[in-house]
Amino acid sequence: MATAHNVVIIGAGHNGLVTAFYLAKAGLKPLVLERRPVAGGAAVTDEFYPGFKCSTLAHAAGPIAPAIVRDMQLERHGLEIIRPEVRVFAPSPDGPGGGALLLYDNAAKSAESIARFSKKDAAKFPEFQQTLARIAAVLSRVMAETPPSIDEPRAGDLWRLLRTGKDLRGLGQKDMYRLLRWGPMAVADLVSEWFETELLRATIAARGIFGAFLGPWSAGSSALLLTRAAADPHPAGSAWFAKGGMGAFTQAMAAAAVAAGARIRTDAAVSQIAVNDGRVAGVVLASGEEIAAPTVISGVDPRRTFLRLIDAVHLAPDFLGRVQNYRSMGTVAKVNLALDALPSFVAPGFSPAQDAVLKGGATALAGRIHIGPEIDYLERAFDDAKYGNFSQQPVLDITIPSGTDQSLAPPGKHVMSIYVQFAPYKLKSGDWNSQREALGDTVVRTLGAYAPDLPGLILHRQVITPLDLEETYGLTGGHIFHGELSLDQLFTMRPLLGWARYRTPIEGLYLCGSGAHPGNGLTGLSGANAAREILKDWRKAGHG
Ligand SMILES: Cc1cc2nc3c(=O)[nH]c(=O)nc-3n(C[C@H](O)[C@H](O)[C@H](O)COP(=O)(O)OP(=O)(O)OC[C@H]3O[C@@H](n4cnc5c(N)ncnc54)[C@H](O)[C@@H]3O)c2cc1C
């Protein structure tokens, strides 16, 4: 095997690029191998219809950890971050409680919108936002650290545990108990302890089921809310976009990694990780090309890494059995629309002034749009998936990025990016290729109840099923986070208990993708944490 690189990274997803950057900055020579024609993984922008560009998959960043944005100097590498004042616009149909909720960056402005539904909730919202922010601050430090070793805790692990303990105590008794109690709770219970407005409850609870095989009544859904809040503590979630779509984030990351000394090869699918006597030896590409390297880092999900890329003879049966049990069954689909004009959302109860803002689109529709007005709606949408069907009334998380970024569509036209949950990877009847258009029709029909002119404005529709997520984008089981972010697959258990520190049973082989801690979306933290551990081993081995 020929070698010019001391490190090979499999996959140019955002985490692989972050790892490549930190390793190159430390003087290593990483070679990133990406099977697709472009770098970016699940964070890419495509022209899906002539003149119309859209974030093909993820449409809002987690957000990327600010330290990573700074270290990689992403703005110097062309990134323009867009952070609208409105985080979420949540319309709800007619009837008691009907109307539309606007949650802003600013808690007092959100409270004004909430007051239309309930004065009590309006008074409590700022307190909830602040409480979540305090708790999330502790968790965000945990996310940026390597989970402690369970078998052989070292001095560093104990020190970090002590520091976390101190952080927890610093929260004060009330918040500390909240954190301990909230973790295993159903998010439906958590939001109903704070609020009486169904639309507000459902908008916040949606974060607890995002990307997961969970309904709001599932135990552990609050843990997912907390995990997501660790990246952005706003109750409604992040509204971080990039000019040019999510691909602009990863293009800037790729440029930063290359500037630091990494090399990226696209159209270079790895078909095998070569192992010699329990030690990694390099990789073999689908073309047959062999590349030797003493260190191989997989930014690909754990199931694909261990079950498809490594010959089973190199792994212990017990380990393989545990990887087989690692849950990675996706429930998300994506629909992207090219639109002739901005749709008008019907928002009963809106004042004429608010209505004008909405129609103008510039403000109200600049963040994310949440469709899922009640807790029961979210749970029913999950019920369909539980029994192997896609939701007949799915939960939708929508952006219209062309409203704030005119580079994405011709003048006066728009693109709409629709994240669809629940669409289970395994259908009870039929297959995804035959159900693709039925899913697209269901999404458009669902949305038509909120924006009646939408169906007539569609120039083109792109439907991406969970099977496409697997086959085209390499997400095993179509799982958007490389595996469930459930209580038993988090922190010291991500991906497996005993293997949460980026190392694997094969010496010299590491994990750096979302299947490794913390793995919660587009934050870059799995990649940054992995780089830190790899550099420790590299230095320990006397390389510098
Ligand atoms: C539809 C959808 C919507 C989402 N929405 C959001 C959101 O709004 N907010 C958020 O924070 N997160 C969101 N996510 C999740 C987020 O995008 C992912 O968790 C994140 O991008 C994963 O990054 P990664 O680098 O770990 O892996 P990936 O982005 O999956 O990158 C892995 C890379 O490895 C490549 N690869 C696979 N196999 C091989 C091989 N054999 N050889 C070489 N290369 C290989 C793949 O092509 C890919 O480029 C969404 C994801 C999806 C799919």
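When a residue number appears, it is its place in the shown sequence, counting from 1. When a ligand or atom number is given, it counts from 1 through the structure's own listing order.
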- Only one of R327, Q489, H479 clears side chain to side chain donor-acceptor pair (under 3.5 Å) with E484; which? H479
- Can the ring centres of F382 and F422 be said to be less than 6.0 Å apart? yes
- Query: If you measure only the distance, is there a donor-acceptor pair under 3.5 Å linking the side chains of N529 and Y502?
  - Reply: yes
- Who are the salt bridge (charged side-chain N to carboxylate O under 4.0 Å, His left out) partners of R263, not counting sequence neighbours? none
One pair per line, please: each N/O atom of ligand 1 matched with every protein N/O atom under 3.5 Å away, atom names first, then the distance to 0.1 Å.
unit_1	atom_1	unit_2	atom_2	d
ligand 1	8 (O)	A60	O	3.2
ligand 1	9 (N)	A60	O	2.7
ligand 1	11 (O)	G62	N	3.4
ligand 1	11 (O)	L522	N	2.9
ligand 1	19 (O)	I480	O	2.9
ligand 1	23 (O)	H14	ND1	3.0
ligand 1	25 (O)	H14	N	3.1
ligand 1	25 (O)	H14	ND1	3.4
ligand 1	25 (O)	N15	N	2.9
ligand 1	26 (O)	N15	ND2	2.8
ligand 1	26 (O)	S514	N	2.9
ligand 1	26 (O)	S514	OG	3.0
ligand 1	27 (O)	H482	NE2	3.1
ligand 1	29 (O)	A42	N	2.9
ligand 1	30 (O)	H482	NE2	2.8
ligand 1	41 (N)	V270	O	2.9
ligand 1	42 (N)	V270	N	2.9
ligand 1	44 (N)	R35	N	3.2
ligand 1	47 (O)	E34	OE2	2.7
ligand 1	49 (O)	E34	OE1	2.5
ligand 1	49 (O)	E34	OE2	3.2
ligand 1	49 (O)	G41	N	3.4

- Task: Look at D71 together with K25 and state whether they make a salt bridge at an N to O cut-off of under 4.0 Å.
- Result: no
- Task: Would you sort out whether F319 and F306 count as a ring pair (Phe, Tyr, Trp, His ring centres under 6.0 Å), showing the intermediate values?
- Result: CA-CA 9 Å; F319 180 84; F306 295 115; 5.0 Å; yes
